[in-house]
Amino acid sequence: MKRNIIIAIVAAGAVVGGGTLAGATMGSGGDSEQASNTLEPISVAEAGGSASGGDDDRDDRDDRNERNERGAGGGEGSAAERAVHSALTARPGVVTEIELDDDDDDDGDRHRAWEVEIFGDDDRWYEVHVSEDGREVLDSHDKDDDDDDDRAVAVSLRSGNAEVDVLGAIRLAEQQTSAALREADVDDGHWELELRGGDGAEHELSINLGTGNVTDRERDDDDDRDDRGDDDWDDRDDDRDDRDDNDNRDDDDWDDRDDDRDDRDDDRDDR
């Protein structure tokens, strides 16, 4: 017997908030059964609406700030992570470069500090100097950077398109090498990081911005330190040789004086 099928779309609570749309069938006998297929949850944007771009930007900044605070806030993390957190607290934005730099002050005293380059939320570039332990901002000033590629990378980082930000890259690199960061910057779609271990070994890592994977890794043992050690030994050997030469000259002087005395004795004997 032919049945009349009536399909009803139950939409209550589904339009707002991306609820699930379900179909139901009604048989001729008045009994209802759930349809074999249902529609996937659908959001307002997917249904034809669109979210505000400004809201997305604010959400991205909130997420980024939350990651920063979670990664380095409260004194947690390595010195490099703390330096990033301190710099971003002073100048909100995204970090595109960080380096532990050795500087000589006006008195000739050497001190180390982090130089952090930031593309700010106000679309301006800043350079922030942070103490070596990463806890104190020493100074901050505007930085000129007219490079379009640098700006494009910074905007991409700020929009959250990258899989890994500077904190994630630092944390991954330091965990992989058990070394401390010395420098990190963005180049050709990768975070390029340089680190130094407690044994003096230097490490270089490349981390893909899009995947967060380490794509290249190198280790360079501290041959320079060994060379400096050899040079020190050579210098000490040279010093010993110089002292020996001086001793020999002293011996020669004594020999010359002995010869002079012998000559005088011979003269007296002749007289």
Side-chain angles (χ1 to χ4, degrees), residues 56-73 77-103 112-132 134 136-174 176-177 180-196 203-217:
D56 287 342
D57 290 341
R58 282 193 294 273
D59 290 342
D60 290 337
R61 285 196 293 270
D62 291 342
D63 291 343
R64 189 173 64 245
N65 291 337
E66 183 179 348
R67 288 196 301 270
N68 291 339
E69 292 172 2
R70 184 172 61 247
S78 66
E81 291 177 84
R82 291 194 299 269
V84 169
H85 173 71
S86 297
L88 289 175
T89 300
R91 296 293 187 182
V94 290
V95 172
T96 60
E97 183 176 348
I98 177 173
E99 179 182 4
L100 182 60
D101 191 40
D102 292 325
D103 285 329
R112 303 166 78 182
W114 293 100
E115 291 185 0
V116 186
E117 188 171 302
I118 294 174
F119 184 66
D121 288 339
D122 57 1
D123 289 348
R124 298 169 63 183
W125 289 97
Y126 298 98
E127 183 175 294
V128 183
H129 293 180
V130 182
S131 60
E132 185 179 0
E136 180 184 359
V137 173
L138 303 177
D139 65 74
S140 171
H141 57 266
D142 291 356
K143 178 180 175 67
D144 293 330
D145 191 339
D146 297 329
D147 192 302
D148 291 338
D149 291 338
D150 290 346
R151 178 174 289 270
V153 168
V155 170
S156 178
L157 286 171
R158 194 176 62 183
S159 64
N161 291 335
E163 180 67 24
V164 59
D165 61 5
V166 66
L167 284 174
I170 292 172
R171 193 174 302 116
L172 176 60
E174 291 187 334
Q176 290 271 328
T177 62
L181 182 80
R182 302 283 296 182
E183 182 178 354
D185 64 353
V186 179
D187 182 42
D188 194 23
H190 290 75
W191 282 107
E192 302 291 346
L193 305 101
E194 297 180 9
L195 306 94
R196 181 173 297 171
H203 305 262
E204 295 184 3
L205 274 78
S206 295
I207 300 177
N208 188 285
L209 285 173
T211 65
N213 295 328
V214 176
T215 59
D216 190 27
R217 176 173 175 175

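Because only heavy atoms are used, hydrogens play no part in the values below, and waters and symmetry mates are left out as well, while side chains stay in.
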Is the shortest heavy-atom distance from the side chain of [X] to the side chain of [Y] under 4.5 Å?
| X | Y | answer |
| --- | --- | --- |
| L88 | V95 | yes |
| V128 | I118 | yes |
| L172 | I207 | yes |
| L209 | L157 | yes |
| S78 | I170 | yes |
| L205 | Q176 | yes |
| E115 | H129 | yes |

Problem - Evaluation steps, salt bridge (Lys or Arg N to Asp or Glu O under 4.0 Å), between E81 and R171 - result: CA-CA 8 Å; E81 291 177 84; R171 193 174 302 116; 3.1 Å; yes
Can you see which heavy atom on [X] is nearest to which on [Y], and at what distance?
| X | Y | value |
| --- | --- | --- |
| L181 | A80 | CD2-CB, 3.7 Å |
| S86 | G134 | OG-O, 2.7 Å |
| G210 | E163 | O-CB, 3.2 Å |

Handout entry: side chain to side chain contact (heavy atoms under 4.5 Å, CB included) against L100, all qualifying residues, sequence neighbours excluded
Key =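 By the side chain to side chain contact (heavy atoms under 4.5 Å, CB included) rule, L100 matches R112, W114, E132, R182.
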Practice task
Kindly say whether S156 contributes a backbone atom to a donor-acceptor pair with the side chain of S159 at under 3.5 angstrom?
Solution key: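 A pair under 3.5 Å: yes.
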Exercise for the section: Please determine if E117 and K143 form a salt bridge, counting it only when a charged side-chain N lies under 4.0 Å from a carboxylate O. Expected result: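 Yes, charged N to carboxylate O under 4.0 Å.
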Exercise for the section: Give a yes or no on whether a salt bridge exists between D123 and R158, defined as a side-chain N under 4.0 angstrom from a carboxylate O. Expected result: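 Salt bridge between D123 and R158, a charged N being under 4.0 Å from a carboxylate O: yes.
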Exercise for the section: Can you measure from CD (E174) to NE2 (H203) and round to the nearest 0.5 angstrom? Expected result: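 Separation between the atoms: 11.0 Å.
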Exercise for the section: Starting at CH2 of W125, measure out to CZ of R91 and round the result to the nearest 0.5 Å. Expected result: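 Taking CH2 in W125 and CZ in R91, the distance rounds to 14.5 Å.
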Handout entry: Trace of the side-chain contact (heavy atoms from CB on, under 4.5 Å) decision for I98 with E183
Key = CA-CA 6 Å; I98 177 173; E183 182 178 354; over 6 Å; no
In residues 144-155, what donor-acceptor pairs under 3.5 Å come from side-chain atoms, sequence neighbours left out?
unit_1 : atom_1 : unit_2 : atom_2 : d
D145   : OD1    : D147   : N      : 3.0
D147   : OD1    : D149   : N      : 2.7
D147   : OD1    : D150   : N      : 3.2

Enumerate, atom names and distances included, each donor-acceptor pair closer than 3.5 Å involving a side-chain atom of residues 187-196, sequence neighbours excluded.
unit_1 : atom_1 : unit_2 : atom_2 : d
H190   : ND1    : D188   : O      : 3.0
H190   : NE2    : T215   : OG1    : 3.4
W191   : NE1    : V164   : O      : 3.1
E192   : OE1    : S206   : OG     : 2.6
E192   : OE2    : S206   : OG     : 3.2
R196   : NH2    : E202   : OE2    : 2.7

